[in-house]
Peer 1: 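What follows is a structure written as structure tokens; I'll ask about it next.
Only heavy atoms go into these numbers, but all of them, side chains included; no hydrogens, no water, no symmetry mates. Throughout, protein chains are lettered first and strands after them, A, B, ... in sequence-line order, and every chain is numbered starting at 1.
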Protein chains: 2
Amino acid sequence: MVERSVRNITDRFRQSGRKVTPQRVAVFEALCEGGGHPTVDQIYREVRQRFPMISLNTVYQTMEALVDLKVVSPVGHSLEAARYETDPAPHHHTVCIACKRITDVFDAALGRVKLPRAVKDRFQVVGHRVEFYGYCADCRSPGATNR
Amino acid sequence: MVERSVRNITDRFRQSGRKVTPQRVAVFEALCEGGGHPTVDQIYREVRQRFPMISLNTVYQTMEALVDLKVVSPVGHSLEAARYETDPAPHHHTVCIACKRITDVFDAALGRVKLPRAVKDRFQVVGHRVEFYGYCADCRSPGATNR
DNA sequence: ATACTAATTGATAATAATTCTTGTTTAGCT
DNA sequence: AGCTAAACAAGAATTATTATCAATTAGTAT
């Protein structure tokens, strides 16, 4: 099954005009083995067991390519710096992918989101947040339709 | 009104055994003026107009104190490094505040969350995510009750 | 199979956000 | 006014990430 996946990936790499290198395959395999939601550093350590010469840069670049190919996706928002909010009332956010602008959304329905019972047994919930990501009015790509 | 807020803050600082300094007041005021969801750097630039000698460190420390006093709260998760996921199926997450472990949650109901119409007109939604934060089974603080 | 070319690699330097260290200053108490 | 722990400024250290660049290599054309 992993065989199958690797084949898939190599094809997609080539189809997108990218080259398939042993390093890239190793990064992808490490990604699959890891199971969870690995960091670049975790992948790096894993791959380095087989490719001691691989550079961190290569892992970053491979991850970028994989994101580009939509094989993996980054978890959570991609704000590069911590941000804070002053409104204590429970609310949620829209985050613009382009300009990183965060806007508050107040909507009672969003507060009623519930974690499924089965998960709740294993996880002590402190809170939750709903984050819509997309493009704000200023950054909306021309021609794109609102849905 | 800002007067009122400042008074509030100074009291809370003192009540928690912290000292009230002009720098701290200035950081808080910059925070209020900023309006949005400022970064530390934005606050720093703002405050420096009145306190050219203030150090970035002081801003960081003040923000930490304000978070501690629950005057402000950080937006979004607090993962220190990028993480990736390989499962393409739409799903959501629990994030452990302590160990940062991310677990997938599959629940159709969470996918039906909708951005209010009024906001939708101004924001082109690409997707949304629901993130529950709290403590995983391994990190659950002893004596804490599940709700 | 060989050669060519552009993509990729590894090493290293550069950024950027955040934290740590240290010696000096100061708020709040007595 | 004096004491002392907290807070300050300056700058070094860390950590995640990105950029630079010469050397290597995958994939294609020959």
Side-chain angles (χ1 to χ4, degrees), chain A residues 6-7 9-28 30 37-69 72 74-84 100 102, chain B residues 6-7 9-28 30 37-69 72 74-84 100 102:
Chain A
V6 169
R7 168 62 68 93
I9 293 304
T10 58
D11 286 350
R12 292 173 71 171
F13 263 100
R14 271 190 272 262
Q15 277 160 25
S16 70
R18 270 175 263 248
K19 294 178 177 176
V20 175
T21 66
Q23 290 93 334
R24 285 181 167 175
V25 173
V27 166
F28 175 71
H37 300 77
T39 64
V40 168
D41 195 62
Q42 285 166 352
I43 298 168
Y44 176 56
R45 288 174 200 277
E46 180 67 29
V47 173
R48 209 162 38 156
Q49 295 182 16
R50 282 196 291 144
F51 291 79
M53 300 306 286
I54 197 171
S55 86
L56 199 45
N57 191 5
T58 299
V59 181
Y60 272 106
Q61 286 179 186
T62 303
M63 292 312 294
E64 190 184 335
L66 289 171
V67 169
D68 210 57
L69 292 174
V72 302
V75 173
H77 60 63
S78 48
L79 301 171
E80 64 300 310
R83 285 168 181 267
Y84 299 89
K100 316 288 186 193
I102 300 170
Chain B
V6 170
R7 168 62 67 94
I9 293 304
T10 59
D11 286 351
R12 292 172 73 170
F13 262 100
R14 271 191 274 262
Q15 278 160 24
S16 70
R18 270 175 264 250
K19 294 178 177 177
V20 175
T21 66
Q23 290 93 331
R24 285 181 168 175
V25 174
V27 166
F28 175 69
H37 301 77
T39 64
V40 168
D41 194 62
Q42 285 166 352
I43 298 167
Y44 175 57
R45 287 173 200 277
E46 180 68 31
V47 173
R48 208 161 43 155
Q49 295 183 17
R50 281 196 291 144
F51 290 79
M53 301 305 288
I54 197 170
S55 84
L56 198 47
N57 191 7
T58 299
V59 182
Y60 272 105
Q61 287 178 184
T62 303
M63 292 312 294
E64 188 184 335
L66 289 171
V67 169
D68 210 59
L69 292 174
V72 302
V75 174
H77 60 65
S78 47
L79 300 171
E80 65 300 311
R83 284 168 182 269
Y84 299 88
K100 317 288 186 193
I102 301 170

Peer 1: Rounded to whole angstrom units, what separation is found between the CD atom of Q42(A) and the C1' atom of dT15(D)?
Peer 2: 15 Å
Peer 1: Within this structure, what is the CE-to-P distance between M63(B) and dA7(D), rounded to whole angstrom?
Peer 2: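 To the nearest whole Å, that distance equals 16 Å.
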Peer 1: Send over the distance from E64(B) CD to dA7(D) C1', rounded to a whole Å.
Peer 2: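 Spelled out: CD on E64(B) to C1' on dA7(D) is 13 Å.
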Peer 1: Would you please confirm or rule out a distance under 4.0 Å between OP1 or OP2 of dT8(C) and any side-chain N or O of R24(A)?
Peer 2: yes
Peer 1: What I'd like to find out is whether the side chain of D68(A) reaches to under 4.5 Å of the side chain of R18(A), using heavy atoms alone.
Peer 2: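 Yes, side chains in contact.
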Peer 1: Using heavy-atom distances to pick each residue's nearest nucleotide on DNA chain C, tell me which of Q61(B) and R14(B) is more 5'.
Peer 2: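 Nearest-nucleotide comparison on DNA chain C picks Q61(B).
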Peer 1: With nearest nucleotides of DNA chain D determined for P22(A) and F51(B) from heavy-atom distances, which residue corresponds to the more 5′ nucleotide?
Peer 2: F51(B)
Peer 1: Going through the distances and angles, do R7(A) and D11(A) end up as a salt bridge (Lys or Arg N to Asp or Glu O under 4.0 Å)?
Peer 2: CA-CA 6 Å; R7(A) 168 62 68 93; D11(A) 286 350; 5.1 Å; no
Peer 1: Take the protein atom CD of Q15(A) and the nucleotide atom P of dT28(D), then report the distance between them rounded to whole Å.
Peer 2: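 Rounded to whole Å, this separation is 11 Å.
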Peer 1: Is any N or O donor-acceptor pair between the side chain of N57(B) and the base of dT21(C) shorter than 3.5 Å?
Peer 2: yes
Peer 1: Distance check, rounded to the nearest 0.5 Å: T62(A) atom OG1 versus E64(A) atom CD?
Peer 2: 9.5 Å
Peer 1: State, with a plain yes or no, whether a side-chain heavy atom of V75(A) is found less than 4.5 Å away from one of Y84(B).
Peer 2: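 Side-chain contact under 4.5 Å: no.
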Peer 1: Under 4.0 Å from OP1 or OP2 of dT9(C): is there any side-chain N or O of T21(A) that close?
Peer 2: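 Yes, T21(A) has a side-chain N/O under 4.0 Å of OP1/OP2 on dT9(C).
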Peer 1: Does dT18(C) have its OP1 or OP2 closer than 4.0 Å to a side-chain nitrogen or oxygen of Y60(B)?
Peer 2: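 Looking at the OP1 and OP2 atoms of dT18(C), one of them is under 4.0 Å from a side-chain N or O of Y60(B).
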Peer 1: Would you kindly give the CZ-to-P distance between R18(B) and dT26(C), to the nearest whole Å?
Peer 2: 21 Å
Peer 1: How many whole angstroms separate atom CG of L56(A) from atom C1' of dT20(D)?
Peer 2: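 In whole Å, dT20(D) C1' and L56(A) CG are 16 Å from each other.
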Peer 1: Rounded to whole angstrom units, what separation is found between the NZ atom of K19(B) and the P atom of dT25(C)?
Peer 2: 15 Å
Peer 1: Separation of R48(B) atom CZ from dC8(D) atom C1', in whole Å?
Peer 2: 16 Å
Peer 1: Would one find a side-chain N or O of T58(B) under 4.0 angstrom from OP1 or OP2 of dA9(D)?
Peer 2: yes
Peer 1: Looking at every strand, decide which applies to Q23(A) at a 4.0 Å heavy-atom threshold: base, sugar-phosphate, or nothing.
Peer 2: sugar-phosphate
Peer 1: Regarding I54(B), tell me which of base, sugar-phosphate or nothing describes its non-hydrogen contacts under 4.0 Å with the strands shown.
Peer 2: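 It contacts sugar-phosphate atoms only.
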Peer 1: Which pair of heavy atoms, one from T10(B) and one from V20(B), lies closest together, and at what distance?
Peer 2: O-CG2, 3.5 Å
